[in-house]
Each structure stands twice: as structure tokens, then as C-alpha cells.
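Not measured: the values here are computed from a predicted model.
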Amino acid sequence: MFSVVSRPLRSLRVCGVLRKSTVAMADALAKIPDVEIDPEGTFKYILVRVKAKDGDVHKDIVRGTKNAEYHNHIFEKVNPAMEALGMECKCLGGGKIEHNNQEKKIRVFGESTAFGKADHAVSVEKLKTFFSDYEITWSDDKK
């Protein structure tokens, strides 16, 4: 077996395959929207870490809707959708979002009884990339 810089060629091939796999995982993650929330109202939201199965590459996403009575109802929809894409996810916490699209304001606050409080600062940064012309604030207040 030939070697280059003390590495067998087989190892170089494996590294190339792993690199391509990592790039493919990153591409798949990039296609998942960072934010999906209702266009108006006050509702529950969760912060979810999504990663490719058997991979280290991940991203955090924000999901929120008025249709969820409890935070776990949101996760129960997100998780199967991510699994169908070959991903796995973990809920990092939750809270509430007050979304006023007329005034272009979003407020993030509160916590989830089931999942604990999301890192609202992380959630707000995600929201700011999606709603760049909004005033977005957060607090640790429960109301």
C-alpha cells in the first residue's frame, strides 16, 4: 500500500468521504428554516437543536404556534419532520412569543414547564436574522 505523508491512501480516501459527508450534512441543515412562527399573536415557542444522525454538525431552530396548547405539542410535530430528513433533534427549552406584525415587534419571554426556559438570547438572534426590520426584545419575565 502506498502512503502520502505517512498516511495510507485508504485513510485519505476515508477522510475525503467523511469530509463530503460532513458537507452534505451541513447542506441538509442549511435547508431547514431557522425560524417558523405564527404571523401574529402570543403563543408558545421552543428552541430546538437539530443535527444529522451520527454527526456533529448542528443548528438551533425556533418554532412557535398558537395551535399548541403545550410546548411538547410543538416538539411532537418538529421531531418527526426532522427524522424524515435524517436528522435528530433535542428541545433546548421554551417560552412564549408575542408577535405584533403591525408594529413590527416581537417579545420573547417565559418558560416551558416541560422543557425549561429556552436561552431567549439565542432565540432572539435567530429571530433577528428572519425579521431584520423588527424591534425584537426578550426578558426572563414569565408574563
Side-chain angles (χ1 to χ4, degrees), residues 4-143:
V4 178
V5 192
S6 302
R7 279 194 185 162
L9 284 178
R10 198 178 332 214
S11 294
L12 289 175
R13 225 176 288 126
V14 169
C15 287
V17 169
L18 289 175
R19 193 171 303 121
K20 286 179 186 174
S21 176
T22 301
V23 169
M25 286 185 267
D27 287 346
L29 282 172
K31 292 177 183 171
I32 298 169
D34 287 358
V35 175
E36 287 183 353
I37 64 170
D38 282 354
E40 182 73 33
T42 300
F43 46 85
K44 291 174 174 39
Y45 93 93
I46 58 174
L47 180 64
V48 179
R49 175 151 298 156
V50 180
K51 73 179 200 83
K53 289 182 180 171
D54 303 322
D56 293 331
V57 181
H58 70 270
K59 77 186 261 183
D60 296 339
I61 61 173
V62 174
R63 296 294 185 266
T65 180
K66 289 185 270 189
N67 295 330
E69 186 176 353
Y70 298 103
H71 290 91
N72 65 313
H73 293 157
I74 302 169
F75 189 74
E76 288 168 0
K77 289 188 177 190
V78 172
N79 193 41
M82 294 301 117
E83 284 180 347
L85 298 173
M87 304 289 167
E88 55 188 35
C89 54
K90 175 183 177 184
C91 185
L92 301 176
K96 289 187 176 181
I97 291 176
E98 185 178 272
H99 186 180
N100 183 328
N101 67 6
Q102 298 289 3
E103 295 180 18
K104 294 189 180 254
K105 290 183 178 182
I106 294 176
R107 183 172 74 103
V108 179
F109 62 100
E111 62 186 53
S112 163
T113 304
F115 299 117
K117 185 179 83 62
D119 185 338
H120 296 325
V122 171
S123 301
V124 164
E125 288 308 310
K126 291 286 177 184
L127 290 164
K128 283 181 178 178
T129 61
F130 196 79
F131 297 97
S132 58
D133 58 339
Y134 272 58
E135 176 187 327
I136 304 176
T137 59
W138 68 272
S139 73
D140 285 331
D141 294 341
K142 295 184 183 189
K143 293 184 179 184

> ring pair (Phe, Tyr, Trp, His ring centres under 6.0 Å) with His73: which residues, sequence neighbours excluded?
Replying inline: Tyr70
>> Applying ring pair (Phe, Tyr, Trp, His ring centres under 6.0 Å), can you list everything that pairs with His99, at least two apart in sequence or on another chain?
In response: Phe131, Tyr134
> Residues in side chain to side chain contact (heavy atoms under 4.5 Å, CB included) with Ala30, at least two apart?
Replying inline: none
>> Heavy-atom count check: over 12 atoms from other residues, nucleotides or ligands less than 6.0 Å from Lys53 NZ?
In response: yes
> Going from NE2 on His71 to CD1 on Ile46, what distance comes out if it is rounded to the nearest 0.5 angstrom?
Replying inline: 8.0 Å
Could you list the donor-acceptor pairs under 3.5 angstrom formed between side-chain atoms of residues 78-93 and any protein atom two or more places apart in sequence or on another chain?
from	atom 1	to	atom 2	distance (Å)
Glu88	OE2	Lys51	NZ	3.2

>> As an exercise, state the distance from CD1 of Ile37 to CZ of Phe43, rounded to the nearest 0.5 Å.
In response: 4.5 Å
Show the atom names and distances, to 0.1 Å, of all donor-acceptor pairs under 3.5 Å that link a side chain in residues 60-68 to residues at least two apart or in another chain.
from	atom 1	to	atom 2	distance (Å)
Asp60	OD1	Arg49	NE	2.8
Asp60	OD1	Arg49	NH2	3.4
Asp60	OD2	Arg49	NH2	3.1
Arg63	NE	Glu36	OE1	3.4
Arg63	NH1	Pro33	O	3.1
Arg63	NH2	Pro33	O	2.8
Thr65	OG1	Asp38	OD1	3.3
Thr65	OG1	Asp38	OD2	3.2
Thr65	OG1	Asn67	N	3.1
Lys66	NZ	Glu40	O	3.2

> Where do Tyr45 and Val35 land on the side-chain contact (heavy atoms from CB on, under 4.5 Å) test, with the steps shown first?
Replying inline: CA-CA 10 Å; Tyr45 93 93; Val35 175; over 6 Å; no
>> Going by side chain to side chain contact (heavy atoms under 4.5 Å, CB included), name the residues that satisfy it together with Lys128, two or more places apart in sequence or in a different chain.
In response: Val124, Glu125, Ile136
> Which distance, rounded to the nearest 0.5 Å, do you find between the CG of Leu127 and the CD1 of Ile106?
Replying inline: 5.0 Å
>> Quick check against the 3.5 Å criterion: does Lys44 have a side-chain atom that pairs as donor or acceptor with the backbone of Ile74?
In response: no
> Just by modelled atom types, is the Pro39 backbone N or O under 3.5 Å from a matching donor or acceptor in the Asn101 side chain?
Replying inline: yes
> When you look at Asp140 and His120, which way does the side-chain contact (heavy atoms from CB on, under 4.5 Å) test go after all the steps?
Replying inline: CA-CA 8 Å; Asp140 285 331; His120 296 325; 4.1 Å; yes
